[in-house]
Structure formats: structure tokens, C-alpha cells
Amino acid sequence: MNHDTPSAMPLPTQVRNLVIVLGDQLDAQSSALQDFDVTQDVVWMAEVAEESTHVWSAKQRIVVFLSAMRHFAQDLRAQGLPIVYTQSDDADNQGTLALQLKRAITLLQPVALVLTAPGDWRVLQALRAVAAEHKLPLDLRDDTHFFTTVREFAAHAKGRKQLRLEYWYRALRQKNGILMDGKAPVGGQWNFDADNRESFGKAGPQNVPPPTRFAPDAITQEVIALVNTRFATHPGTLHTFGWPVTRAQALLALNAFIDQRLPLFGQYEDAMWSGEAWLYHSHLSCALNLKLLNPREVVQAAVDAYRAGTAPLAAVEGFIRQILGWREYVRGIYWTQMPGYLERNALDAQAELPAWYWTGETDMACLKDAIHQTLEHGYAHHIQRLMVTGLYALLLGVKPKAVHAWYLSVYVDAVEWVELPNTLGMGQFGDGGLMASKPYVASGKYIQRMSNHCKGCRYDPALSTGATACPYTTLYWDFLMRHETLLKKNPRMAMQLKNLGRLDAAARLAISNQAAAHRLASSAQGKTLP
Ligand SMILES: Cc1cc2nc3c(=O)[nH]c(=O)nc-3n(C[C@H](O)[C@H](O)[C@H](O)COP(=O)(O)OP(=O)(O)OC[C@H]3O[C@@H](n4cnc5c(N)ncnc54)[C@H](O)[C@@H]3O)c2cc1C
Ligand code: SF4
């Protein structure tokens, strides 16, 4: 354990609370730190290999966590908080949170453990077990970072046959007085989707502002060197690393987004373009999930831009819906459904994830672009995740757990409470419709409409059979056929099934055969990786 920096406070002789700060809890205002007493409490933080290896974590993701943790610990030390911090490369590092915590308890003999509710069910169980083993009280506190508690979500969900984002989101708008004119939504409507979600048209994106990136400082460089050595075989590269790793940087990124990108956020929320990773998205999910930013300040900044007339209502509402709506909603789903949620597989999907998801070595232009960008930056925007990488896995019939492991590995913003419902529920329909009212399925024509990918692709999104048939289009019809009986029960699938009904028996057979051949070819492509 490391307690050797010059500015470090001496540890109290008798430790009252050992305050656990996890890698995604980097908030000086967190509930765990609220009543911290420097004369009798100690902060405990640990970098452990388990958190980078329980899924095959991408290098960008490991660096963002470790660098942000080290910066946060440095700030706490500067404020005079006693802290024990274990680095990845410390000789006595035990490799797991549980083992490392046990060691700290033995050494420091605290009276109690204090913890803000973690983001992973797995981590909570591990820390609870350590507390029980040592017969120590664990003071588990609500995560006040969020607008809501899990209890509020459970109360909202109770007795409802279906959970829908819209009702939850409206209730939160009202409760928090966000974009409200008295009891009515500002602008007279709750949802401006009809004004949003355009494609870029033939000309493509024009004058997209450069993303707000940060050159690695000495701490980040040290972490990059460490990750390149210890996790050399993990996916992705680090030469482009530029994510915010401090609160000051996160605030700069927030301000730049509000000034430069928010006005066009809604309009191009769903659009994609080859080689354009950043577009008009905020790129703030990582800073939010590490808790460097508070969602209240992010939402308030967007509301202020609307009030100041610098961003239109449709863009501001669309952005706030993601944070106040979706982000709180998926957290509620995760914590009310775990641990069983992880095992759900409503469509009985049993295929393995193609190995090329870890390399991007595919001839499908849209997938190649999304995966390459993901490995390069640890980032892809929502529609790339849902309607390119997610859609292909859903149509192929990949096991939801394998898809989940990929998403949890490759994105800098991936923490299980937010990643799992998005992947298993929204992306793969693994929960059978708890999270989304129908499977998000489409043919290659959707990707053609929302991007320029198909122009540079050897496949044709209009074709479902033949040598140049787009695999999405083939697999889309095949998916509808494979799940026809189940999907017929869902009125929201009526139009898609009506179109399926137009295919005669010969066309159906040809599609099934082509889908089977594609499945074989797809699973054979690429190196075999974990
Ligand atoms: C299969 C799949 C996996 C995903 N995995 C993650 C994940 O691991 N971590 C993560 O934070 N988001 C995840 N998302 C949600 C969303 O794609 C990302 O939050 C978003 O792309 C991050 O980029 P951004 O910050 O530029 O977002 P923007 O497009 O600028 O959106 C603004 C903010 O809204 C929030 N947000 C937007 N959509 C969602 C959503 N569906 N659920 C929760 N919050 C949302 C994020 O905090 C985001 O920063 C996933 C979505 C899908 C379909
Ligand atoms: S043709 Fe199909 S595989 Fe190729 S880019 Fe378009 S949607 Fe993707």
C-alpha cells in the first residue's frame, strides 16, 4: 500500500471509518465523504488487476480509470485527507478489491467501512462479503450523484405491466422543474424527436467542431506506459488518448460541448459518417460515469443555453432526455433486476461473438468503421452502438452475455449499471421487452439512410440474397422469420411482420440459406480471441 507522498497526511492511530472510494466514484462531494473527519477517518483506494481483466478491458478504458483515480487521490491528498492508495504496480498488490481491502482492514483495524453504493452488483457483493467476514459494519450510502434513488424507481415501476422511459422521464421533469412552464412542458410538448434525427445528406457533415481532447500529463503518461506493458495484449491503442481525467478538464469539455455542439446535437443525434467519430455528441459519458461531472450541472448548463437563446429547444430537450431520462432509467432497471438480469436471454440466442469484433477485420463497411473507431478511441455514439454493432449481433443471434462482455470491455464509459441494460435490454432484447417495447431491428437500408457507409461497401443494402446482398438485410428477414411466432404477439412489430408476409416460400428459403451461410462465414473470420 502506498502512503508515501510528501503531502500525505499521517494516518490516525485509531481509525474510525475506512472510506472506500471506487474507480467510478471520483466525486469530492460523494455521500461517503460527506462527514469525513481527517483526524479519525482514512480514504481507501486501490487499482486492482481484476477490474481490468474480469472482462478483457480495452487499453483506453483502463487508462481512463487509473489516471482519473490517481488524479483524484492527488487532489484528496492536497486537501489534507489521509489516504491509502494501492497502485497496479505495487509489489504487494493482491489483485482484487476484496483481497486488497482485507489487507487494509488487518493493517488499519477500522471501526467501520463506509461506501457510496457502487455501480456494479458484483463489486457490492464482494465488499459486503469482506465486511461480513471481518464482522465490520458497512455503512452503505445512497449515491447522491443521481437525480433519483433506486427506491424511487422501484416505487415507480411497482404494479406497471410495462416500464417505459417516457413516463419516468416526464415524472422527473416535473419533480425537478426542468424545462417546465408550471405544470406544462416548455414549448408545449415533452418530446421533439420529430424535429431531430436527420441524416447529413449527400454533402456530409460540415465544419464539425474539433473534439475537446487533453494531452496526457505526467500522471497519464505514466499510466499509459504501465498499461502498454502490463496489459499489452488488451484491445485497442493509446496513441490517441485524450479523455478528461480531472474535474477541471471535464468542466472544460462540458462548456465546449454546450457552446459548440449542443445546437446541432438533436438534429444529427442519429446520423453517422465514415471516419467521423465525434460529430455533435457530447462525449461526456465517461466523465459523468466516473462522477467527475454531476448530471445536475450538465442538465442545468443545457437549460441555461436554451434560456440564453444559444441552443434550440429540440436539441436541449433531446440532450436532457438522455441524461435525466435514459441514464436514470437504466440505472433503475439494473438495480431492480440484478442479479437475474445478467442471465436473461429471451430470444434464446446461442451464437458466439465473431472474433473480428475485437479487431474490426470485416468487409462490412459500417461495422469496420464503428469497430475501428471504438478500438482507437474507446468511443462510439449511441446509434453506432445500437444500430451497427448491436444490431448485427442481435440479428446474428449472439449470446447476450457475450455481447455484454464486449461492450463492457471496449468503451471508456462502460460501467455495468449503465452498460448492461443498454446492451442486454435495449440492444439485444434479452429481457424480452422490459427495457424496450420491441426489438430494435432494421435492414441495411436503415444504415444507408443514416450514413454514407453503404456507398463504400461491397454489399448492397437493398439485396437480401445473392453475392452482394447486405448481411444486415439478409439477417433482418431471417430474424423476423426465426422469431415470427413470438413477434406476432407484439403490436409494435405489426408493420414489419406485414412486410415479411409479402415474401413467398421460395424467397424465405433463399434468405434462410443465405443467412445460414453468412453465419458460418462470419464465425470463421478473424483470429480467435477471448
Ligand atoms: C449497446 C449499448 C451499450 C451502451 N453502453 C454504455 C455504457 O457502457 N456507458 C454509458 O454511459 N452509456 C452506454 N450506452 C448509452 C449511450 O450510447 C452512451 O451513453 C453515449 O453514446 C455516450 O456518448 P456521449 O457522451 O457522446 O453521449 P451523448 O449522445 O452526447 O448523450 C449525452 C449523455 O446522455 C447519456 N446517455 C445517452 N444515452 C444513454 C443511454 N441509452 N443510457 C444511459 N445514458 C445515456 C450519457 O451520459 C451521455 O453522455 C450504450 C448504448 C448502447 C446501445
Ligand atoms: S451495405 Fe450493409 S454491410 Fe455494407 S455498409 Fe451498408 S449496411 Fe453495412
Side-chain angles (χ1 to χ4, degrees), residues 24 61 119 165 211 253-254 257 261-262 265-266 268-270 272 274 277-290 293 295 298-299 302 318-331 333-334 362-370 378-394 400 403-404 406-428 435-436 440 442-464 468-476 518:
D24 63 342
R61 180 172 180 264
L165 175 273
L254 169 62
F257 166 71
R261 307 176 115 81
L262 177 61
F265 171 85
Y268 297 123
E269 198 177 343
D270 287 4
M272 298 175 278
S274 301
W278 309 108
L279 297 169
Y280 293 97
H281 292 269
S282 70
H283 326 131
L284 293 175
S285 49
C286 179
L288 275 162
N289 296 349
L290 294 174
L293 286 178
V298 177
V299 165
F319 179 70
I320 289 175
R321 170 181 293 266
Q322 308 309 314
I323 293 178
L324 180 67
W326 282 111
R327 194 166 179 269
E328 302 279 329
Y329 183 70
V330 300
R331 177 169 176 261
I333 293 206
Y334 178 80
T362 169
D363 57 8
M364 290 175 266
C366 52
L367 272 162
K368 189 177 188 140
D369 189 74
Y379 176 82
H381 74 64
H382 187 68
I383 292 302
Q384 293 175 297
R385 299 188 203 197
L386 184 65
M387 299 306 286
V388 179
T389 45
L391 175 60
Y392 182 81
L394 171 64
V403 187
H404 152 65
W406 186 78
Y407 281 97
L408 191 56
S409 303
V410 295
Y411 291 110
V412 288
D413 56 29
V415 188
E416 196 172 272
W417 65 266
V418 54
E419 177 279 326
L420 182 66
N422 269 298
T423 302
L424 187 142
M426 191 191 289
Q428 303 302 304
M435 165 102 177
Y440 281 92
S443 73
K445 284 189 176 170
Y446 173 83
I447 294 171
Q448 182 184 38
R449 194 164 66 247
M450 297 312 298
S451 75
N452 65 338
H453 291 311
C454 303
K455 275 195 175 153
C457 186
R458 68 170 283 251
Y459 299 112
D460 180 347
L463 299 179
S464 54
T468 57
C470 165
Y472 281 90
T473 305
T474 310
L475 293 171
Y476 166 72
H518 178 76

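When a ligand or atom number is given, it counts from 1 through the structure's own listing order.
No side-chain heavy atom of His283 sits under 4.5 Å from any side-chain heavy atom of His381. Considering only heavy atoms from C-beta on, Tyr476 stays 4.5 Å or farther from Cys470 through its side chain. The shortest side-chain heavy-atom distance between Val298 and Leu288 falls under the 4.5 Å cut-off. A 4.5 Å side-chain heavy-atom check between Asp369 and His453 finds at least one atom pair inside the cut-off.
Close contacts of ligand 1 with Ala380, meaning ligand atoms under 4.0 Å from a residue heavy atom, involve 21 (O). Annotation for ligand 1: atoms under 4.0 Å from non-hydrogen atoms of His283 are 24 (P), 25 (O), 26 (O). Taking a cut-off of under 4.0 Å to the non-hydrogen atoms of Phe265, the atoms of ligand 1 that pass are 28 (P), 29 (O), 30 (O). The contact set between ligand 1 and His381, taken as ligand atoms under 4.0 Å from a residue heavy atom, comprises 21 (O). Per-residue contacts place Ala414 under 4.0 angstrom from the following atoms of ligand 1 (heavy atoms of the residue considered): 8 (O).
Residue nearest to atom 26 (O) of ligand 1, selected from Tyr379, Tyr440, Trp406: Tyr379 (by heavy-atom distance). Comparing heavy-atom distances from atom 28 (P) of ligand 1 across Ala253, Ser282, Pro211 singles out Ser282 as nearest. The option from Val418, Thr423, Leu284 that lies nearest to atom 10 (C) of ligand 1, judged by heavy atoms, is Val418. Around atom 2 (C) of ligand 1, the closest heavy atom drawn from Val299, Val298, Asn422 belongs to Asn422. The closest heavy-atom contact to atom 20 (C) of ligand 1, among the options Glu416, Arg385, Arg261, comes from Arg385. When Val410, Asp413, Val415, Leu424 are ranked by how near their heavy atoms come to atom 7 (C) of ligand 1, first place goes to Asp413.
Taking 2.8 Å as the limit, the number of protein N, O or S atoms around atom 4 (Fe) of ligand 2 is 1.
Residue contact check for ligand 1: Phe257 places no non-hydrogen atom closer than 4.0 Å to it. At least one heavy atom of Phe319 sits closer than 4.0 Å to an atom of ligand 1. Within the 4.0 Å heavy-atom shell around ligand 1 one does not find Gly427.
Among all protein heavy atoms, the one lying closest to atom 46 (C) of ligand 1 is Ser285 CB, 4.0 Å. Considering only non-hydrogen protein atoms, atom 33 (C) of ligand 1 sits nearest to Ile323 CG1, 3.6 Å. Here the protein heavy atom with the shortest distance to atom 45 (C) of ligand 1 is Gln322 O, 3.7 Å.
Looking at Glu419 against ligand 1, both its backbone and its side chain come within 4.0 Å, counting heavy atoms. Residue contacts with ligand 1 for Leu288 involve side-chain atoms from C-beta outward but no N, CA, C or O (heavy atoms, distance under 4.0 Å). Residue-level proximity to ligand 1 for Asn289 is carried by the side chain, the only part with a heavy atom below 4.0 angstrom.
The backbone N or O of Ala414 lies less than 3.5 Å from no partner atom in the side chain of Glu419, so there is not a single donor-acceptor pair. Of the possible donor and acceptor atoms, none in the side chain of Glu328 sits under 3.5 Å from a partner among the backbone N and O of Gly325. When atom types are taken as modelled, the side chain of His281 and the backbone of Glu269 share a donor-acceptor pair closer than 3.5 angstrom.
Counting only N and O atoms by type, the side chains of Tyr459 and Thr473 include no donor and acceptor under 3.5 Å apart.
For the residue pair Pro295 and Arg327, the shortest heavy atom distance occurs at CG-NH1, 3.9 Å.
The salt bridge (Lys or Arg N to Asp or Glu O under 4.0 Å) check on Arg321 picks up Glu166, Glu317, with sequence neighbours excluded.
In this pair, Tyr392 and His518 present their aromatic rings perpendicular. The plane angle is above 60°, beyond the 30 to 60° band.
Judged by a 6.0 Å distance limit and a 45° cone about the ring axis, Arg385 is positioned over the six-membered ring of Tyr411.
Checked by distance only, ligand 1 and Tyr407 stay at 3.5 Å or farther apart across all their nitrogen or oxygen atoms.
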Steps toward side-chain hydrogen bond (donor to acceptor under 3.5 Å, both in side chains) verdict (Asn452, Ser274): CA-CA 7 Å; Asn452 65 338; Ser274 301; 3.1 Å; yes

